[in-house]
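Side chains are part of it too, since the values below use all heavy atoms of this structure and drop only hydrogens, waters and symmetry mates.
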Amino acid sequence: MFVSIDLKREGRATVYKKSVILTQLIGSSCNYQVSLFCAKPIKTLENHQLNQIIKDCTKGKSKAQEFLYVEYAPKMLGVCLRYSKDSAEAEDTLQDGFIKIFQHIKSYQFKGSFEGWMRRIMVNTALEKFRKAKKIPLVEETMDATDDDDDNYSESEISIDVLLNMVQELPDRYRMVFSLYVLDGYPHNEIAEVMNVTVGTSKSNLARARAILKQKVRDYLGVKENNLRVC
């Protein structure tokens with residue numbers, strides 16, 4: 001039986017490090033050199049150790065399941081947060097995702113990355129929640145959200161937590177497309193398929209998301225600069 005672990009109690013709730021530059025997040029016109037959304041790396045297991053843990057999980061051994069959860073939950077939570085409006089929703093997705101991982105772990109063929117296999121399950125779990133919640137449908141939009149202004153921000157001007165909050169505040173449809181395309185590398189044709197939209201809709205929603213994020217960054221830095229002047 002799978003037992004839930006409280007990540008905060010375990011002291012492993014901080015799951016990010018700088019790794020994906022904001023230039024890739026909100027468009028090539030932004031020259032802001034900070035990165036985010038990649039989980040803190042866990043200690044690398046030897047292949048034979050990981051393989052044995054996986055085999056024990058297929059036999060339903062609770063110790064192996066708990067070990068796998070504690071090792072990978074922080075990194076998988078980082079994935080879930082990118083598709084969620086807040087930490088509570090992300091933690092629900094994490095729990096549901098791990099239940100699916102343990103239910104289907106026998107299907108893992110020991111080919112390719114096991115972490116990548118888990119990541120796909122987490123992303124699919126988030127997508128299922130999105131569809132079941134009957135979110136506002138993605139509608140066809142024109143590509144009018146481009147911005148050619150060059151922004152040049154220094155790396156220390158904005159924190160990873162602030163950037164994560166900005167992504168979480170995106171409308172659901174924009175957040176899902178943005179996370180799939182920018183953060184997990186899905187091409188537009190695959191996004192269109194899994195979200196039941198056209199490729200054009202996927203592209204336009206990505207452009208909208210980038211435009212919103214860019215404006216949020218500008219607004220945040222403008223307020224921050226004004227506060228510094230007052231001080």
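- Side-chain atoms of Glu89 come within 3.5 Å of backbone N or O of Lys85 as a donor-acceptor pair.
- The aromatic rings of Phe102 and Phe98 sit tilted, their planes meeting at an angle between 30° and 60°.
- Using a 4.0 Å cut-off between charged side-chain N and carboxylate O, Arg82 and Asp184 make a salt bridge.
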Margin query: Between Lys129 and Asp96, is the side-chain contact (heavy atoms from CB on, under 4.5 Å) condition met? List the steps.
Written below: CA-CA 10 Å; Lys129 286 179 174 289; Asp96 292 344; 2.7 Å; yes
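- In this structure the side chain of Ile212 never reaches within 4.5 angstrom of the side chain of Met166, judged on heavy atoms.
- Atom CG of Asn124 sits about 14.0 Å away from atom CZ of Phe130, to the nearest 0.5 Å.
- Rounding to the nearest 0.5 Å places OG of Ser113 at 7.5 Å from CZ of Arg120.
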Checklist line | Verdict with supporting geometry, Gln168 and Asn165, side-chain contact (heavy atoms from CB on, under 4.5 Å) | finding: CA-CA 5 Å; Gln168 290 178 323; Asn165 287 336; 3.4 Å; yes
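- At a threshold of 4.5 Å between non-hydrogen side-chain atoms, the residues Leu77 and Thr93 do not count as touching.
- Salt bridge status for Glu128 with Lys100: present, with a side-chain N to carboxylate O gap under 4.0 Å.
- Residues Ile101 and Met122 are in side-chain contact: their nearest non-hydrogen atoms beyond the backbone lie under 4.5 Å apart.
- By the 4.0 Å N-to-carboxylate-O rule, Asp172 lies close enough to Arg175 to be salt-bridged with it.
- Side-chain rings of Tyr69 and Phe67 stay apart, their centers remaining 6.0 Å or farther from each other.
- Rounded to the nearest 0.5 Å, atoms CG (Leu94) and OG1 (Thr125) are 9.5 Å apart.
- The shortest heavy-atom contact between Leu81 and Ser87 is CD2-CA, 3.8 Å.
- Counting only N and O atoms by type, the side chains of Asn189 and Glu193 include no donor and acceptor under 3.5 Å apart.
- Residues Ala90 and Cys80 come closest through the heavy atom pair O-CB, 3.5 Å.
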Next item on the list: Please lay out, stage by stage, how Phe114 and Ile105 fare under the test side-chain contact (heavy atoms from CB on, under 4.5 Å).
Entry: CA-CA 10 Å; Phe114 179 68; Ile105 198 166; 4.1 Å; yes
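- When atom types are taken as modelled, the side chain of Ser179 and the backbone of Met176 share no donor-acceptor pair closer than 3.5 angstrom.
- Checked against the 6.0 Å centroid criterion, the rings of Tyr186 and Tyr181 do not qualify as a close aromatic pair.
- Residues Lys203 and Val199 form a side-chain contact, since some pair of their non-hydrogen atoms from C-beta on lies under 4.5 Å apart.
- To the nearest 0.5 Å, the span separating CG on Leu180 from CG on Leu206 amounts to 10.5 Å.
- Annotation: the span from Asn205 atom CG to His188 atom NE2 amounts to 10.0 Å, rounded to 0.5 Å.
- The nearest pair of heavy atoms linking Ala64 to Asp56 is CB-CB, 3.5 Å.
- Glu190 contributes atom CD, which lies 10.5 Å from atom OG of Ser202 (distance to the nearest 0.5 angstrom).
- One side chain, Thr198 or Thr201, offers a donor N or O that lies under 3.5 Å from an acceptor on the other.
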